[in-house]
Protein chains: 2
Amino acid sequence: MGKTDWRVYQFGNGAAEGDAGMSELLGGKGANLAEMSRLGLPVPPGFTLPTNVCHYFNQHDGQLPDALRAKVSAALKQMGPPLGVAFGDADAPLLVSVRSGSRASMPGMMDTVLNLGLNDKTVTALAAHAGDARFAWDSYRRFIQMYGDVVMGVSQDFFEEVLDDYKLEQALTGDADLEADDWQSVVERYLEIIDREADAPFPQDPMEQIWGAIAAVFRSWNNARAITYRRLHNIPDDWGTAVTVQAMVFGNLGETSATGVAFTRNPSTGENEVYGEFLPNAQGEDVVAGLRTPLHLTRAAREHSGMSDLSLQERMPEIYDELVDVFGRLEAHFGDMQDVEFTVQEGKLFILQTRSGKRTTRAAIKIAVDMVAAGQIDDGEALLRLDPSSFEQLLHPTLDPSAQIDVLCRGLPASPGAASGKVCFSADIAEVEAARGEDVILVRMETSPEDIHGMYAARAILTSRGGMTSHAAVVARGLGRPCVSGAGEMRIDYDAQIARIGGRELREGDVITIDGASGRVMQGRVPTLEPELSGDFGTIMTWAGKHQRMQVRANAETIEEAKRARRFGAAGIGLCRTEHMFFNPARILQVRRMILAQSGPQRDAALAALEPEQRADFAGLLSVMAGLPVTIRLLDPPLHEFLPSTEDALEELSELLQVSVDEVRDRIRALHEANPMLGHRGSRLAVTAPEIYAMQLRALFGAMHDVDGSEAASVEIMLPLISTAGEITHLRKLIDTEAAAWAAAHGFTPEFSVGSMIEVPGAALSADALAHALADQQGFFSFGTNDLTQTTLGLSRDDAGSFMSDYLGAGLFEADPFTTIAQDSVGVLMQITAEKASGVSPSFKLGLCGEHGGDPESVAFCDAVGIDYVSCSPFRVPIARLAAARAHLLATRTGR
Amino acid sequence: MGKTDWRVYQFGNGAAEGDAGMSELLGGKGANLAEMSRLGLPVPPGFTLPTNVCHYFNQHDGQLPDALRAKVSAALKQMGPPLGVAFGDADAPLLVSVRSGSRASMPGMMDTVLNLGLNDKTVTALAAHAGDARFAWDSYRRFIQMYGDVVMGVSQDFFEEVLDDYKLEQALTGDADLEADDWQSVVERYLEIIDREADAPFPQDPMEQIWGAIAAVFRSWNNARAITYRRLHNIPDDWGTAVTVQAMVFGNLGETSATGVAFTRNPSTGENEVYGEFLPNAQGEDVVAGLRTPLHLTRAAREHSGMSDLSLQERMPEIYDELVDVFGRLEAHFGDMQDVEFTVQEGKLFILQTRSGKRTTRAAIKIAVDMVAAGQIDDGEALLRLDPSSFEQLLHPTLDPSAQIDVLCRGLPASPGAASGKVCFSADIAEVEAARGEDVILVRMETSPEDIHGMYAARAILTSRGGMTSHAAVVARGLGRPCVSGAGEMRIDYDAQIARIGGRELREGDVITIDGASGRVMQGRVPTLEPELSGDFGTIMTWAGKHQRMQVRANAETIEEAKRARRFGAAGIGLCRTEHMFFNPARILQVRRMILAQSGPQRDAALAALEPEQRADFAGLLSVMAGLPVTIRLLDPPLHEFLPSTEDALEELSELLQVSVDEVRDRIRALHEANPMLGHRGSRLAVTAPEIYAMQLRALFGAMHDVDGSEAASVEIMLPLISTAGEITHLRKLIDTEAAAWAAAHGFTPEFSVGSMIEVPGAALSADALAHALADQQGFFSFGTNDLTQTTLGLSRDDAGSFMSDYLGAGLFEADPFTTIAQDSVGVLMQITAEKASGVSPSFKLGLCGEHGGDPESVAFCDAVGIDYVSCSPFRVPIARLAAARAHLLATRTGR
């Protein structure tokens, strides 16, 4: 190996030896300081010791290369003059910070030394310069403490003890009570501690100080905290850290000094205006501490607030102009709204840090649209700036942030939106109350399919059990109802009709408000704000449409949902769960009669009663979705999900079926299954009881017949829970027979395609055979990723709550697999399916209709797999559309 | 296309133009007749028209090539002389059969014409020759009927009607009552029918007859029956059929004629002796009809039976010697025991058919061993002759076939073996009665984990519900108890303690016998035969060991099972289900206490009580399995499987836990899961409640410590229900911590390997990551194909019974996937796993421990995948070993 050319990388004064692309060598911090400096931003000058020094240090038992010493001295010498100071100068001392900086951010894991350069002499110069002896002595004692700890290995405890003793002696209560001479006394005692505990004097020579600090920061790469952090975040141990030495600047050196934070645009509204606050003659920590009221940056803001203290614009107009100029350069360079920390030291502006500014979703949209209008970024870049998940808050009512709230308890934020209403413990009563015009919140321990009519009638749902993917959560999201689930503090006593939360009680009729976005349950009616889909939102959605490869459909059964889906820009219905139509209270009795009938005529009578109802539902849906595809999934859940458990319902059924209640109970028991998820449902029902699908098909063909003539939706018939190609072939015969019968009887030939859910691994693994069984009729697959996740991971969505938090906590799952597709298992099956299907027919259509269709990360994965569309609840359609557009943009830009 | 050289393929008289390899051209029948003729066997002569004639026939609208006519005539001319007859000769006519023969067997699907050559003249010659006018006229009328139907299209109904009318006129009741002149009269009327219905006379010219018959047989390739059969059996329509014309021979032409069937060895015992029967002066159908008592073939057999009628050996010693000689040649050629049909016509022996003879399993083993000893086949070939499934009957007690039985009802043959005992409706009582020395049959509607102690105590289990894979069936097979499940005719009334079967009743204490091999339930005690594992069986197992690549282990928990496993040649224990040890009634209370305890000390107390018990169990198992590997699977099932449902048990528990029965019930309810199969169990339990696995590990390490010094078994610790690599890493820490703690506390360092079940698709799909997490410690995978099938197909084993028979009936599953591995889905996952694991480490060990480990077809698949061992119930170890050896032999021979 040749001799290394050891060097340091200087920055400051509008130039730098490094740039943003050199983070491997200079660490993130060093590279960014270099970049800002190159941009001509007034960054306090300094230099960076690159990571290869760290490697040397680690390999040579904590020694630094000799050749580096001259480079560091030279760099230090160049830092002072532009600031009118010099390192170690007794009258005008340069003070520096020494900080770590790795390629990956490791916040707080390694050591830092500030105010380096202070000693018994320079402290006096600092006091004189700042006109503030207290500040100077406090800074010095802080430096001694920090250096003593980090460099000399003297525990913080010793220093704390001395300070406590001093305060006791002097009868002082807090640090704020100590004056300059107090701090000077403390400094003396601190220096004694160093002598005693480190068995060496505190170094007065700034060069000795700096070498000590540099070595200590390099050493801290291998402290226990940093090692653990790297293991947890998969950061390789051999990356090493860089060390940056930078001039300290002070905003408290008199009235020509100041410090502040600013956003280049209003982070709340997105308006293109300077926004922020500052304090004259202050340090950054004073702004944060809130002891003094910060002042406005602009005159307009000051006048608007009625404050008399002058703004930065009025007080330091040249600095203000320079700051505005810097903002312009920052936005031009980073192409985004920035959050900037600055300090003015004796009339000179320094930018300490800049980063993309956090903002509300509303602001994010406005900023993106404005920047496109101004030509700062293109529409694709605008989409990439937006976080699809954040759109959630725009699409539902939200709590009025100015309202007073009284939080009763918290649960899981299971379905977004805020709503108020009367507590109701029963789905039946919820329905009655809602019909009378009352706003109702359905409050249950957990919900079951029997409660759906009540969930539909309620404004929101609250449960004491169940997770983010419990029945309540999933159905609520589908219905667009706010839901808080698993509010474990709440104990419901159905008999007494009381919910107890700690010492408080909720009775039927009490008004509460729930916030499905935060999981909070509140007493009384809290005002909410309706969603406003502004013009900018529409613009964003238009751009999304332009950049989407993958289409987004909605899961919808009702006309209301279908209309909402169209409003949100859905490209069709990707999943109509026909069984939801069965839960309608007017029909459930006939459904139960159909299931429990033991004679053909009784069953036929029940089916005959259901057929016109379902036909009307289908016809409504097909009309609303004119011109778009509608995927009708035939009956999916196990029959016992429809069966009653209450005595009333049993008696009603016993009367209709003309058998005893006990007999009804027996028949229900016979349908019980150990694992209904893996049981007799979906297409399996149709194999053993084809008459149910036959009725559904007649209803569908009838509906198609009814809406024929006007522009109709195109129909895709979907078979659920398919695991072998044989099932498809078997059921296609049933479909074709019914279609032919309809054509023969009514002279109308229904046109449709037939596809299959892919929701068990066996279907994915034999997708080629399945595709062959469908390919002749524009076949399609739709991934049912809810069930596919359950079967692939052997994980029941209803039961995982008892261990999911432990799993996420221990990092055994990266994310809840019911929220984000588990790419290394479920995702592999999706890829296998896509490959096999396109092997059979390159144009074989692929969709997804699980909960994951509304999750941005999952949507991006679907784009990568090459899926044609995802389908999600109507409320999540805009989110999925934005995610789809972003995914395609990223793929195109990275040349995937 | 050049001009086809139309030809026919002659056979007979010790020579043939074709051979066994030409079935594509000559059909199976033609090729085999040629082969037998080549072997020098006295086959009635004939010739075959090859399948290309059929193609011509189909393409030319039912015409036959002209060039064929001369060939057929020439061949017919050559057939007669050796038999002293001539085709169409009025005094000594040659009669022939005309039969179809395709490449694949299509039994009975196409047409056949027999006795062709008979006409008004030759019938007289046949009568004279046979000395039996009745036979001759009956033959003629049969020929007319068959020819009329097959060739001339006259429905059988007309002939039946005529015959019925004639019998009515003559007041005759059955065909046997008709004499020669009766049949002659019938013939006259038959000829009239032909005239009338076919509008043409019955052809008297034998050459005209033969062309008609040949065309008819070719035509029958495309009859509806044959087309359907081909579609069902995937036989291509374009294969076509050959047609074979063969001389008829008659065993009823006087005392020098005879007919018989023979086995070259005794098919019941396997003894190497001529075995069979014959009738002098008779036709084959006379032997079958049973109107005359057949005679013995050998003098020894005759003398043994005390019969006075001479045997073939005594009556026709030359024919007998020739037959024995033929048998030798047949065995030498086919290398297997043959089942032969023969006819002696006027002192000349003809072999009509030979095929491998069916035999009992006992005979199959003896024959295979004898043939190897005689050098006729090698030991590998011997194994390939044996059907592993048939071994089942050798390994369990069987019903004495000579016993009288009174069958009460039938259920499914869920676990083999026969046993008698007293009916008992409760597991608890079964245990008490068994402890008193009673033989007990546990009779339940269905069983649950709570019944295991009773199932263990019982001699056999009978249930009225559940399929071949119900809890009762699976556990019974594991325990080696005979079981009949799903005996649906039986209605159990637990309250009355009565089982009703039709009009009969079984009360507690009534003695019944069940036969798990046939599913029969019988009144009273039926004598049974104990399994005899003869020396030949041992020899076969030795050969299996020599040819196995894949090892066979046993699933075992008890010392009894482990000993049986060793006796049956298991190479270790592949699955010790540690939870079975928990079901022991002495411990279940502590298990329940552990689960329901809400305070640490209560739980610790329960675990402390269980630890020494489990330690002793482990120590016993490790001692018995000295020198072999033992796979210990840590706790797998969901905790609620251990919980009580009876009031008594609830009260007992309430006392122990010192909480109310209602509280106990509440805690049990809280553990309820919607889909327990996919719930909180296996390794997931250990993530949330590590103290249970920790106890099991201490018990295991203690046991290893206890048996150390003697030759110990090697321990493999197996983690159940793993779905991600993170779980493995997480739990390996627990294992390593406990091991280190044991070593530190006791000075004994336990040595073991750690592996994972592969029982959810996600585990298979990320097997590389899982293997990485195990590879440093001789890691292994074991396919849990029961659960893997459930999750891959989304199919609950407990619930599939309601539709499985419909699925099998409609061909939607080829076989029950819980019996035979579903290769195109579950099998694909196994292959993916094997590839990924060997990618991580070529020697990564793979096993299988589901029910499929005892299924020969699944074992063969495992061999193909390259799995190292399968593990099955001890009773199925010999079956799996034979299957493994056969699979490896076949793979080696086909050069896989």
Side-chain angles (χ1 to χ4, degrees), chain A residues 465 471 638 670-682 684-685 687-688 721 723-727 729-730 759-766 769 787-803 806-807 810-814 817 822 824-829 832, chain B residues 471 638 670-682 684-685 687-688 721 723-727 729-730 759-766 769 787-803 805-807 810-814 817 822 824-829 832:
Chain A
R465 289 197 201 143
H471 178 269
L671 288 171
H672 170 79
E673 293 188 307
N675 293 289
M677 167 65 213
L678 311 176
H680 192 176
R681 67 185 190 88
R684 293 169 188 167
L685 277 176
V687 169
T688 58
L721 201 70
S723 52
T724 76
E727 291 170 312
T729 307
H730 187 84
E759 51 188 339
V760 303
L765 295 165
S766 56
D787 284 2
L788 190 58
T789 299
Q790 297 199 78
T791 48
T792 302
L793 297 177
L795 195 65
S796 164
R797 204 165 63 161
D798 295 321
D799 305 314
S802 60
F803 53 88
D806 282 320
Y807 264 62
L812 303 184
F813 287 139
E814 276 182 48
D824 58 358
S825 52
V826 177
V828 172
L829 290 174
I832 289 173
Chain B
H471 178 268
L671 288 172
H672 170 79
E673 293 189 306
N675 294 289
M677 167 66 212
L678 310 177
H680 192 176
R681 65 185 191 87
R684 293 169 187 167
L685 276 176
V687 169
T688 58
L721 200 68
S723 51
T724 75
E727 291 170 313
T729 307
H730 187 84
E759 49 188 339
V760 303
L765 294 166
S766 56
D787 284 3
L788 191 58
T789 299
Q790 298 199 78
T791 48
T792 301
L793 298 178
L795 195 66
S796 166
R797 203 166 65 162
D798 295 320
D799 305 314
S802 60
F803 53 88
S805 60
D806 282 320
Y807 264 62
L812 303 185
F813 287 139
E814 277 183 45
D824 58 358
S825 51
V826 177
V828 172
L829 289 174
I832 289 173

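Order of the sequence lines fixes the chain letters, A, B, ..., with proteins taken first and strands second; residue numbering starts at 1 for each chain. Everything quoted here is computed from the prediction, not taken from an experiment.
Chain A forms the most heavy-atom pairs under 4.5 Å with one residue out of S723(B), A674(B), S825(B), and that residue is A674(B). If you tally non-hydrogen atom pairs under 4.5 Å between each of V826(A), D824(A), L685(A), V828(A) and chain B, the highest count goes to D824(A). Across H672(B), Q790(B), E673(B), the residue that shares the most heavy-atom pairs under 4.5 angstrom with chain A is E673(B). Of all the listed residues (L829(A), L795(A), T724(A), D806(A)), the one sharing the greatest number of non-hydrogen pairs under 4.5 Å with chain B is L795(A). Of the residues considered (G726(A), S796(A), A800(A), G762(A)), S796(A) shows the highest number of contacts with chain B, using heavy-atom pairs under 4.5 Å.
Contact check for T792(B) versus T791(A): no side-chain heavy atoms found under the 4.5 Å cut-off. Looking only at side-chain heavy atoms (C-beta outward), L678(B) and M677(A) come within less than 4.5 Å of each other.
The CD atom of E727(B) sits 3.5 Å away from the OH atom of Y807(A) when rounded to the nearest 0.5 Å. Note that CG of D799(A) is 11.0 Å distant from CG of L671(B), once rounded to the nearest 0.5 Å. In this structure, R684(B) CZ and L812(A) CG are separated by 11.0 Å, a value rounded to the nearest 0.5 Å.
Residue contact with chain B, scored on non-hydrogen atoms closer than 4.5 Å, involves the backbone and the side chain of T688(A) alike. At a 4.5 Å heavy-atom cutoff, the contact between H730(A) and chain B is made by side-chain atoms alone.
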